[in-house]
Amino acid sequence: MSDAPLPESWNRHLGEEFDAPYMQALRDFLSREKEARKVVYPHSSNWFRAFELTPLDRVRVVILGQDPYHGPNQAHGLCFSVRPGVPTPPSLQNIYKELAEDVGVTPVAHGFLESWARQGVLLLNSVLTVEQGNAGAHRNQGWERFTDRAIQVVDAQCDHVVFLLWGSYAQRKADFVDRDKHLVLHAPHPSPLSAHRGFFGQHHFSRANAFLEAHGRGAIDWQLPASAQ
């Protein structure tokens with residue numbers, strides 16, 4: 001982990017975190033994982049990809065995930081998103097179903113969400129690394145503290161952001177967000193285990209765009225390119 005891996009807009013507010021004791025402990029943990037020849041996803045060049053693609057001054061929507069995907073070639077630093085050529089995971093398939101019903105977009109045959117990130121959708125996992133085949137292996141090592149701080153920065157520094165909080169974990173993580181300034185929408189997680197308990201039919205995407213347009217921030221084009229790019 002380099003000393004300043006974030007773009008300047010984020011680094012002004014989060015840069016000091018890299019000098020904190022908890023971050024040094026996280027570095028040490030990740031070094032031990034590497035020394036033990038464990039495979040860590042995503043590649044270190046993508047640990048902060050969400051911040052790189054979505055500068056702080058462009059954040060319009062925040063979607064929170066929990067851990068990166070732990071299978072080969074899946075994770076690339078954006079929650080719910082997978083690399084081109086990788087099958088679309090079930091939770092993302094359900095997001096596509098709701099998008100089609102809500103705003104009429106055409107589902108695509110890939111799960112690559114970088115076009116959303118480039119429009120200002122911060123696709124942030126709570127934990128930014130994982131061991132191959134071992135979901136949750138890097139929880140409680142320090143990443144949560146860093147991403148909590150990132151959410152606090154968005155809450156304080158940005159105006160009129162939409163927080164899409166799917167599932168109890170995301171809802172707890174962002175329960176402090178100022179609802180007088182931002183729009184906070186809750187729903188069950190889109191996973192097949194819970195999507196039919198209230199994720200479908202919430203119209204979060206059209207509600208997000210209505211809020212953004214009402215505050216002069218412009219709508220998100222939720223239609224992904226037909227091919228991953």
Under 4.5 Å between side-chain heavy atoms, hopping through other hydrophobics if needed: is there a path connecting [X] to [Y]?
X      : Y      : value
Leu64  : Leu183 : no
Val184 : Phe205 : no
Val121 : Ile151 : no
Val154 : Val61  : no
Leu53  : Phe48  : no

Could you give the side-chain donor-acceptor pairs of residues 157-165 under 3.5 Å, partners two or more places apart or in another chain?
residue : atom : partner : partner atom : Å
His160  : ND1  : Lys181  : O            : 3.4

Working to the nearest 0.5 Å, report the span between [atom1] of [X] and [atom2] of [Y].
X      : Y      : atom1 : atom2 : value
Leu113 : Arg118 : CG    : CZ    : 12.5 Å
Met23  : Leu14  : CE    : CG    : 8.5 Å
Thr129 : Asn46  : OG1   : CG    : 12.5 Å
Arg32  : Glu35  : CZ    : CD    : 8.5 Å
Ser206 : Leu99  : OG    : CG    : 9.5 Å
His70  : His138 : NE2   : NE2   : 12.0 Å

List for me each residue that meets side chain to side chain contact (heavy atoms under 4.5 Å, CB included) alongside [X], sequence neighbours excluded, and say none if there are none.
X      : answer
Asn94  : Lys97, Pro190, Pro192, Ala195, Phe200
Gln141 : Leu26, Phe29
Glu144 : Ser126, Val127, Arg139, Asn140, Tyr169, Lys173

* From the options Gln171, His186, His204, select the one residue that forms a side chain to side chain donor-acceptor pair (under 3.5 Å) with Trp166. => His204
Given side chains that start at C-beta, do those of [X] and [Y] come closer than 4.5 Å, heavy atoms only?
X     : Y      : answer
Val86 : Tyr69  : no
Ile95 : Phe199 : yes
Phe18 : Arg27  : yes
Pro55 : Pro7   : no
Val82 : Thr88  : no

* More than 12 foreign heavy atoms under 6.0 Å from CD of Gln223: is that the case here? ->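 Result for CD/Gln223: enclosed.
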* To do: Evaluate side-chain contact (heavy atoms from CB on, under 4.5 Å) for Trp47 paired with Leu30, printing each intermediate quantity in order.
  => CA-CA 12 Å; Trp47 289 354; Leu30 292 168; 3.7 Å; yes
* Asked: In the hydrophobic cluster built from side-chain contacts under 4.5 Å, what are the other members alongside Leu193?
  -> none
* **Hydrophobic cluster (4.5 angstrom, side-chain heavy atoms) - remaining members for Val130** =>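 Val39, Tyr41, all in the cluster of Val130.
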Closest approach of [X] to [Y] (non-hydrogen atoms, all atoms of both residues):
X      : Y      : answer
Arg60  : Leu212 : O-CD2, 3.6 Å
Leu78  : Asn125 : C-ND2, 4.3 Å
Ala187 : Gly198 : CB-O, 4.2 Å
Leu128 : Phe51  : CD1-CE1, 4.4 Å
Pro225 : Ser115 : CD-OG, 3.5 Å
Asp57  : Arg217 : O-NH2, 4.3 Å

* Who passes side-chain hydrogen bond (donor to acceptor under 3.5 Å, both in side chains) against Gln93, sequence neighbours left out? -> none
* Pairing residues for Glu17 by the side-chain hydrogen bond (donor to acceptor under 3.5 Å, both in side chains) criterion, not counting sequence neighbours ->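 With neighbours one apart ignored, the set is Tyr22.
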Of all residues at least two apart in sequence or in a different chain, which pass the salt bridge (charged side-chain N to carboxylate O under 4.0 Å, His left out) check with [X]?
X     : value
Glu52 : Arg49
Arg12 : Glu8
Glu33 : Lys38

Under 3.5 Å, side chain of [X] to main-chain N/O of [Y], donor-acceptor pair present?
X      : Y      : value
Glu98  : Gly201 : yes
Ser9   : Leu56  : yes
Ser81  : Ala75  : no
Asp155 : Asp178 : yes

* Using the ring of each side chain (for Trp, its six-membered ring), is Trp143 parallel, tilted or perpendicular to Phe146, with breaks at 30° and 60°? ->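 Perpendicular.
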* To do: Verify the ring-centre separation between His189 and Phe80: is it less than 6.0 angstrom?
  =>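 They qualify: ring centres under 6.0 Å apart.
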* Asked: Can you name the ring pair (Phe, Tyr, Trp, His ring centres under 6.0 Å) partners of His76, sequence neighbours left out?
  ->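 Partners of His76 by the ring pair (Phe, Tyr, Trp, His ring centres under 6.0 Å) criterion, ordered by chain and then number, come out as Phe112.
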